[in-house]
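Count residues from 1 along the sequence.
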Amino acid sequence: MNKLYTIKIGILIFLAFLAASCEDYLSEIPDNRTEIDSPEKISELLVIAYPEANYMDFAETMSDNVSDKGNTLPTELNLANYRWEDIDIDDLDYRVGYWNACYKAIAQANQALASIEELGDLESLAPQKGEALLARAYSHFMLVNFWAKHYDPATAATDKGIPYVLQPEEVFIETYTRNTVQEVYDFIEADLVTGLKLVSNNYQEPKFHFTPEAGNAFASRFYLFKGDWENVIKHSSNVITNPQLQLRDYLGTYAELEYSQRTALYASDSDNANLLVVSANSLYSRIFASNNFGLSSEKANELFFTGNILGKAWAYDVFGGEGFNNLPKFAEFFRVTNVSAGIGNPYVGLVLFSTDEVLLNRAEAYAMQNNYEAALEDINAFFSVRTEAYDSSTDVLVKQDLLDSYPVVVNEYTPFYSLDSDQTSFVKAIAELKRREFYHEGLRWFDVRRFDLAIAHNLIGGTDLLLEKGDNRRQLQIPNFAIERGLEKNPR
């Protein structure tokens, strides 16, 4: 029982010990570069080729998933995120900290690639090379999707992206320029395609590395954002073979667990739904339930308590009560740095990719190909493990159910590609499923950007805050230190 329900504490502590403090991105040459001279050291380097910071707090709070609880004074961070205000602080769970963590991870991946090249690009190092390429692509993907406009083939060649860094730093302070969004996406795709050909499952703890499954999950998301439906289906199907057995088991395993056990399992390699898990230096487990702008009772009723399209209760359990509503997903692990002083750093396990997301990506791609039968098969599979008292003989959705329950609202969903009325209803239905499935995890913000959704944030006793379609605040502002080094600011 303990083995099944307890997250791999040893792995997270190991990751935490390897973590270093966030410095201005790419401002320091890795101290151990000349020492990366063996396959074992390259593998150790790749352990920290993933961002060791958390984007979920600011991404979630900027989305339409949250509202004003009216019960506490909001923190500076919570308020700035809710107002879509620029805030240039490098600290835990702040945007600048995540920018730095991504470029630090990229530097580690680039050093691993350079060291592999120096060792003769041996065939035996192909899995490490594949992991490094995928890790480099992932960090750049997250950066461009926070700090640049969403991909649009009509404008991507001129839209300002972020610097795509392909080499280890050779000087103390390097000067970079912003690649276009198209260039960034082209680089990501090149790394992704090559990395997938090389990566393997040969890890002692595979859920903490890019494996073929995690790589395909990344490809599923990448091509979804790009609007390449055929590739979404291809890479999703490389992961999803039996949805009912591969998705997170809320009706069985989780239903039998206490709150703390659920948080331990959620980001654990023991859950088959998890494809890639990382450890992030973060306070999120302490604040996500108590944030003033979060899961209010009204929002909890809208999303979780009113039942689903089948007229039955959702399988999600909301804990905490008034002012502290939350879904148990985040367990903190504290690394003590000074025993006598009792100080250290908090870490939390985060799920970066899961089978749940991959299935819903595929359903959306099927709908965009007008293959509604296949889309419904995936959607029904999802409802079968997210609905209390689900009955497979009667609880089967048909196309008209989605058209009736998710009617077209003029100018609501406006991605760069066109949607007919049937596609719109299906896309909206799937987006609402993702909204609930990944609550607290920030993925809703990417759908807000993908579909250019307008958002209204309420302020109790004040005027609602509006984020209109096309608002430039959808792109985070480039950090001040990067602007001082020559990177062009995002317009405001």
Side-chain angles (χ1 to χ4, degrees), residues 4 7-8 11-12 15 43 46-47 49-51 105 109 112 125-142 188-226 228-249 253 265-279 329 349-366 377-378 381-382 385 434 437-438 441 443 446:
L4 176 62
I7 197 168
K8 300 294 186 179
I11 292 296
L12 290 176
L15 290 171
S43 295
L46 286 172
V47 171
Y50 301 84
L125 290 174
Q128 288 97 321
K129 183 175 181 179
E131 182 181 3
L133 289 169
L134 291 173
R136 180 171 73 180
Y138 172 76
S139 287
H140 283 110
F141 176 80
M142 296 299 287
I188 291 171
E189 188 165 14
D191 281 351
L192 181 56
V193 170
T194 303
L196 273 172
K197 293 176 182 177
L198 301 175
V199 76
S200 77
N201 268 315
N202 190 26
Y203 298 100
Q204 186 175 357
E205 301 286 349
K207 296 291 181 72
F208 298 95
H209 301 268
F210 265 116
T211 60
E213 292 76 17
N216 276 290
F218 176 22
S220 171
R221 186 190 295 179
F222 172 78
Y223 287 114
L224 187 77
F225 284 25
K226 197 176 180 183
D228 184 342
W229 315 122
E230 196 63 42
N231 266 315
V232 175
I233 294 168
K234 169 189 169 183
H235 289 285
S236 298
S237 297
N238 286 339
V239 177
I240 301 295
T241 56
N242 191 335
Q244 283 86 352
L245 296 180
Q246 290 180 279
L247 303 185
R248 202 174 300 278
D249 184 18
T253 303
L265 179 59
Y266 192 83
S268 169
D269 63 351
S270 297
D271 194 318
N272 292 331
N274 295 335
L275 301 174
L276 181 61
V277 178
V278 299
S279 175
K329 294 186 174 184
L350 304 178
V351 179
L352 299 189
F353 293 104
S354 70
T355 55
D356 306 286
E357 179 193 354
V358 174
L359 179 77
L360 294 175
N361 290 347
R362 187 173 70 177
E364 184 179 332
Y366 278 138
E377 187 175 340
D378 282 346
F382 187 83
V385 293
K434 283 188 174 180
E437 180 66 23
F438 303 108
E441 297 180 62
L443 290 187
F446 296 127

Novice: Name all residues meeting the side-chain contact (heavy atoms from CB on, under 4.5 Å) criterion together with Ala273; count only those two or more places apart in sequence or in a different chain, and write none if there are none.
Specialist: Arg248, Asp271, Thr355, Asp356
Novice: Is the number of heavy atoms from other residues, nucleotides or ligands under 6.0 Å of Lys234 NZ greater than 12?
Specialist: no
Novice: Please step through side-chain contact (heavy atoms from CB on, under 4.5 Å) for the pair Lys434 and Phe382, ending with a clear verdict.
Specialist: CA-CA 11 Å; Lys434 283 188 174 180; Phe382 187 83; over 6 Å; no
Novice: Quick one: side-chain contact (heavy atoms from CB on, under 4.5 Å) partners of Ala49, sequence neighbours excluded?
Specialist: Leu46, Gln108, Ala109, Ala135
Novice: Not counting sequence neighbours, which residues clear salt bridge (charged side-chain N to carboxylate O under 4.0 Å, His left out) with Lys329? List them please.
Specialist: Glu441
Novice: Excluding sequence neighbours, so at least two apart, what forms ring pair (Phe, Tyr, Trp, His ring centres under 6.0 Å) with Phe353?
Specialist: Tyr138, Phe218
Novice: Check side-chain contact (heavy atoms from CB on, under 4.5 Å) between Asp249 and all other residues, then give those that pass, not counting sequence neighbours.
Specialist: Leu251, Thr253
Novice: Looking at Tyr266 and Val351, would you say the former's side chain and the latter's main chain have a donor-acceptor pair under 3.5 Å?
Specialist: no
Novice: Who are the side chain to side chain donor-acceptor pair (under 3.5 Å) partners of Lys129, not counting sequence neighbours?
Specialist: Asp121
Novice: Please identify each residue that fulfils side chain to side chain donor-acceptor pair (under 3.5 Å) with Glu230, with sequence neighbours left out.
Specialist: Gln369
Novice: Carefully, step by step, assess Asn361 and Ser236 under the rule side chain to side chain donor-acceptor pair (under 3.5 Å).
Specialist: CA-CA 7 Å; Asn361 290 347; Ser236 298; 5.3 Å; no
Novice: Report the C-alpha distance between Tyr50 and Phe208 in whole Å, list the side-chain angles of each, state the deciding distance to 0.1 Å, and finish with yes or no for side-chain contact (heavy atoms from CB on, under 4.5 Å).
Specialist: CA-CA 10 Å; Tyr50 301 84; Phe208 298 95; over 6 Å; no
Novice: Verify the distance criterion only: is there a donor paired with an acceptor across the side chains of Tyr203 and Glu131 at less than 3.5 Å?
Specialist: yes
Novice: Can you name the residues that form a side chain to side chain donor-acceptor pair (under 3.5 Å) with Ser237, not counting sequence neighbours?
Specialist: Arg362
Novice: Applying side chain to side chain donor-acceptor pair (under 3.5 Å), name anything that partners Ser139, two or more places apart in sequence or on another chain.
Specialist: none
Novice: Run Glu364 and Val232 through side-chain contact (heavy atoms from CB on, under 4.5 Å) and show every step you take.
Specialist: CA-CA 9 Å; Glu364 184 179 332; Val232 175; over 6 Å; no
Novice: Would you mind writing out the side-chain donor-acceptor pairs for residues 193-200 within the sub-3.5 Å range, not counting sequence neighbours?
Specialist:
unit_1: Thr194; atom_1: OG1; unit_2: Ala190; atom_2: O; d: 3.1
unit_1: Ser200; atom_1: OG; unit_2: Asn202; atom_2: N; d: 3.2

Novice: Please check if atom CD in Glu189 has more than 12 non-hydrogen atoms from other residues, nucleotides or ligands closer than 6.0 Å.
Specialist: yes
Novice: Does anything in residues 211-224 form a salt bridge (Lys or Arg N to Asp or Glu O under 4.0 Å)? List the pairs, not counting sequence neighbours.
Specialist: Arg221-Glu357
Novice: Starting from the C-alpha separation in whole Å, work towards a yes-or-no answer on side-chain contact (heavy atoms from CB on, under 4.5 Å) for Leu350 and Val277.
Specialist: CA-CA 6 Å; Leu350 304 178; Val277 178; over 6 Å; no
